[in-house]
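Remember, predicted model here, so these are calculated numbers, not experimental data.
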Amino acid sequence: MAATALDKSVPENLPPSLDATSDQPPLFDGTIRLYTSYQCGFAQRVWITRNYKGLQDIIKLVPLNLQNRPTWYGEKVYSANKVPALEHNGKIIGESLDLAKYLDCNFEGPSLSPDDPAKKEFAEELFAYTDKFVGTLFASMKGDLIQETAPVFNYLENALQKFDDGPFLLGGQFCLVDIVYIPFVDRVQIYFSEVMNHDITTGRPKFAAWIQEMNKIEAYKQTKPDPVEVVEVFKKYLQQARK
């Protein structure tokens with residue numbers, strides 16, 4: 001079944017980001033809250049999952065301004081002082097990959113996990129690679145961006161060839177593994193295209209088709225950051241990395 005056939009997400013009015021001057025929302029009052037940031041790729045993973053499962057009316061977004069974050073967040077909500085974090089059933093849960101899986105297992109909506117044993121096994125391999133994938137993207141900022149990121153994009157190109165029943169990482173079914181990679185692929189693609197005049201899909205046809213298919217999914221499209229902001233944030237990361 002095509003991913004778009006399951007995509008029940010609808011546009012929503014996004015709340016403004018809270019900063020150091022903002023009051024803290026009530027804690028553990030029964031409201032399920034997703035503390036997030038509109039600019040954070042890790043938080044975007046959970047936001048996409050929430051949207052795809054149609055949980056906009058069940059899980060309230062609480063976006064934070066990470067450059068001027070409220071002190072109450074780290075002191076009273078989540079001691080790690082980072083996003084994403086979920087307020088649910090009297091506790092705070094963190095870590096983007098864990099949270100995406102948590103939403104898929106504990107809330108209603110279309111499943112984002114495969115049924116096929118071989119695909120389940122490969123999904124775990126893909127999840128395990130995410131740290132290396134993201135770590136390589138950040139580490140490349142100290143050197144040759146194009147050359148040093150090539151191996152991780154080749155990894156995805158090769159992964160996309162494992163199943164031939166569809167364009168996603170697990171073939172025909174859009175799953176969490178697609179969600180955990182796309183925020184970072186999107187950001188690098190934007191920066192490389194806009195600033196370096198480089199197309200990361202060149203020579204990677206499966207990778208190109210995957211990105212094209214992902215861009216049809218409303219739950220993801222609604223979470224995409226402003227390309228201008230992506231470039232500016234990327235430039236700041238580069239400046240810091242190369243000091």
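- Both the sub-6.0 Å distance and the 45° axial angle are not jointly satisfied by Lys132 relative to the ring of Tyr155.
- Trp72 places a side-chain N or O within donor-acceptor distance of the main-chain N or O of Ser22, the cut-off being under 3.5 Å.
- In this structure, OG in Ser113 is found 8.5 Å from NZ in Lys101, a value given to the nearest 0.5 Å.
- With hydrogens and angles ignored, the 3.5 Å screen pairs no side-chain donor or acceptor of Gln44 with any backbone N or O of Cys40.
- Ring centroid separation for the pair Tyr35 and Tyr78 does not come in under the 6.0 Å cut-off.
- When the shell of 6.0 Å around NZ of Lys60 is examined, it contains 12 or fewer heavy atoms from other residues, nucleotides or ligands.
- Annotation: side chain to side chain contact (heavy atoms under 4.5 Å, CB included) contacts of Ala100 (sequence neighbours excluded): Thr49, Leu176.
- Nearest heavy-atom pair, Gly41 versus Pro183, reported as atom, atom and distance to 0.1 Å: O-CB, 3.5 Å.
- No path of Ile, Leu, Val, Met, Phe, Trp and Tyr side chains, each step under 4.5 Å between heavy atoms, connects Ile32 with Ile92, placing them in separate hydrophobic clusters.
- Contact between Asp165 and Gly171 at its shortest, heavy atoms only, is OD1-CA, 3.2 Å.
- For Asp144, the CG atom is densely surrounded, since the number of other residues' heavy atoms within 6.0 Å is greater than 12.
- Within the 4.5 Å cutoff, side-chain heavy atoms of Pro25 are placed close to those of Val62.
- For the pair Lys224 and Asp186, the salt-bridge criterion is met [side-chain N within less than 4.0 Å of a carboxylate O].
- In this structure, CD1 on Ile190 lies 8.5 Å from CG on Asp226, to the nearest 0.5 angstrom.
- In this view, Lys221 and Glu218 satisfy the salt bridge (charged side-chain N to carboxylate O under 4.0 Å, His left out) rule, not counting sequence neighbours.
- Residues meeting the side chain to side chain donor-acceptor pair (under 3.5 Å) test with Thr136, sequence neighbours left out: none.
- Checking Val180, Val185, Leu126 one by one against Phe133, the side chain to side chain contact (heavy atoms under 4.5 Å, CB included) holds for a single residue, Val185.
- Side chain of Glu213 to main chain of Pro167: no donor-acceptor pair is present (N/O by atom type, distance under 3.5 Å, no hydrogens or angles).
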Would Phe127 and Tyr181 count as a side-chain contact (heavy atoms from CB on, under 4.5 Å) here? Give the steps.
CA-CA 9 Å; Phe127 286 138; Tyr181 281 98; over 6 Å; no
Quick one: do Phe122 and Phe163 satisfy side-chain contact (heavy atoms from CB on, under 4.5 Å)? Show the steps, please.
CA-CA 10 Å; Phe122 192 52; Phe163 301 106; 3.7 Å; yes
With side-chain contact (heavy atoms from CB on, under 4.5 Å) as the test, would you mind laying out the steps for Phe42 and Leu97 before giving the verdict?
CA-CA 8 Å; Phe42 293 101; Leu97 182 53; over 6 Å; no
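- Note: the hydrophobic cluster containing Phe174 does not contain Leu55 (ILVMFWY, side chain heavy atoms under 4.5 Å, direct or indirect links).
- In terms of hydrophobic clustering, with Ile, Leu, Val, Met, Phe, Trp and Tyr side chains grouped at heavy-atom distances under 4.5 Å, Val230 and Trp47 are assigned to different clusters.
- Salt-bridge annotation for Glu12 and Arg50: present, with a side-chain N of the basic residue lying under 4.0 Å from a carboxylate O of the acidic one.
- Transitive grouping of hydrophobic side chains (ILVMFWY, heavy atoms separated by less than 4.5 Å) brings Val177 and Val134 into a common cluster.
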Is there a salt bridge (Lys or Arg N to Asp or Glu O under 4.0 Å) between Glu229 and Arg187 once you walk through the steps?
CA-CA 10 Å; Glu229 291 184 6; Arg187 283 161 172 76; over 6 Å; no
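- Atom OH of Tyr237 sits in a sparse spot, with 12 or fewer heavy atoms from other residues, nucleotides or ligands closer than 6.0 Å.
- With 3.5 Å as the limit, one finds a donor-acceptor pair spanning the side chains of Trp210 and Asp178.
- Here the closest heavy-atom approach between residue Pro70 and residue Asp19 is recorded as CG-O, 3.2 Å.
- Counting heavy atoms from C-beta outward, Leu64 and Val83 have side chains that approach closer than 4.5 Å.
- Contact annotation: the side chain of Tyr191 never approaches that of Val233 to less than 4.5 Å [non-hydrogen atoms, C-beta and beyond].
- Taking the six-membered ring for Trp, Tyr52 and Tyr220 have ring centres at least 6.0 Å apart.
- Residues Leu34 and Leu103 have side chains not in contact (no heavy-atom distance under 4.5 Å, counting atoms from C-beta outward).
- Using a 4.5 Å heavy-atom threshold, the side chains of Leu169 and Cys175 count as separate.
- Residue pairs satisfying the salt bridge (Lys or Arg N to Asp or Glu O under 4.0 Å) criterion with at least one member in residues 27-40, sequence neighbours excluded, are listed as follows: Asp29-Arg33, Arg33-Glu87.
- The nearest pair of heavy atoms linking Pro15 to Leu61 is CG-O, 3.7 Å.
- Closest approach of Pro16 and Pro63 over heavy atoms only: O-CG, 3.4 Å.
- A 6.0 Å sphere centred on CD of Gln161 holds more than 12 heavy atoms belonging to other residues, nucleotides or ligands.
- Within the model, atoms CZ of Phe138 and CD of Gln240 stand 10.5 Å from one another, a figure rounded to the nearest 0.5 Å.
- We find the CD-CG distance between Gln24 and Leu27 to be 6.0 Å, quoted to the nearest 0.5 Å.
- Sequence neighbours left out, the pairs with a member in residues 96-120 that pass ring-ring contact (aromatic ring centres under 6.0 Å, His included) are His88-Tyr102, His88-Phe107.
- Screening residues 193-206 for side-chain hydrogen bond (donor to acceptor under 3.5 Å, both in side chains), with sequence neighbours left out, gives Asn154-Arg204, Asp199-Thr201.
- The two residues Gly94 and Leu99 come nearest to each other via the heavy atoms O-CG, 3.9 Å.
- Atom CD in Gln189 sits 7.5 Å away from atom CD1 in Ile182 (nearest 0.5 Å).
- Summarising the geometry, atom CG belonging to Asp98 is positioned 12.0 Å from atom CG belonging to Leu86; distances are rounded to the nearest 0.5 Å.
- Residues Leu137 and Phe153 form a side-chain contact, since some pair of their non-hydrogen atoms from C-beta on lies under 4.5 Å apart.
- Under a cut-off of 6.0 angstrom, the local environment of CD in Glu125 is crowded, with over 12 non-hydrogen atoms contributed by other residues, nucleotides or ligands.
- One hydrophobic cluster, built from ILVMFWY side chains closer than 4.5 Å, holds both Val231 and Phe184.
- Under a 3.5 Å cut-off, the side chain of Asn65 and the backbone N or O of Leu18 do not form any donor-acceptor pair.
- Counting heavy atoms from C-beta on, the side chains of Pro84 and Glu95 never come closer than 4.5 Å.
- Looking at heavy atoms from C-beta onward, Gln173 lies in side-chain contact with Pro114 at the 4.5 angstrom threshold.
- By the 6.0 Å contact criterion, NZ on Lys119 is enclosed, its count of non-hydrogen atoms from other residues, nucleotides or ligands being greater than 12.
- In this structure a side-chain-to-backbone donor-acceptor pair under 3.5 Å is missing from Gln222 to Asn51.
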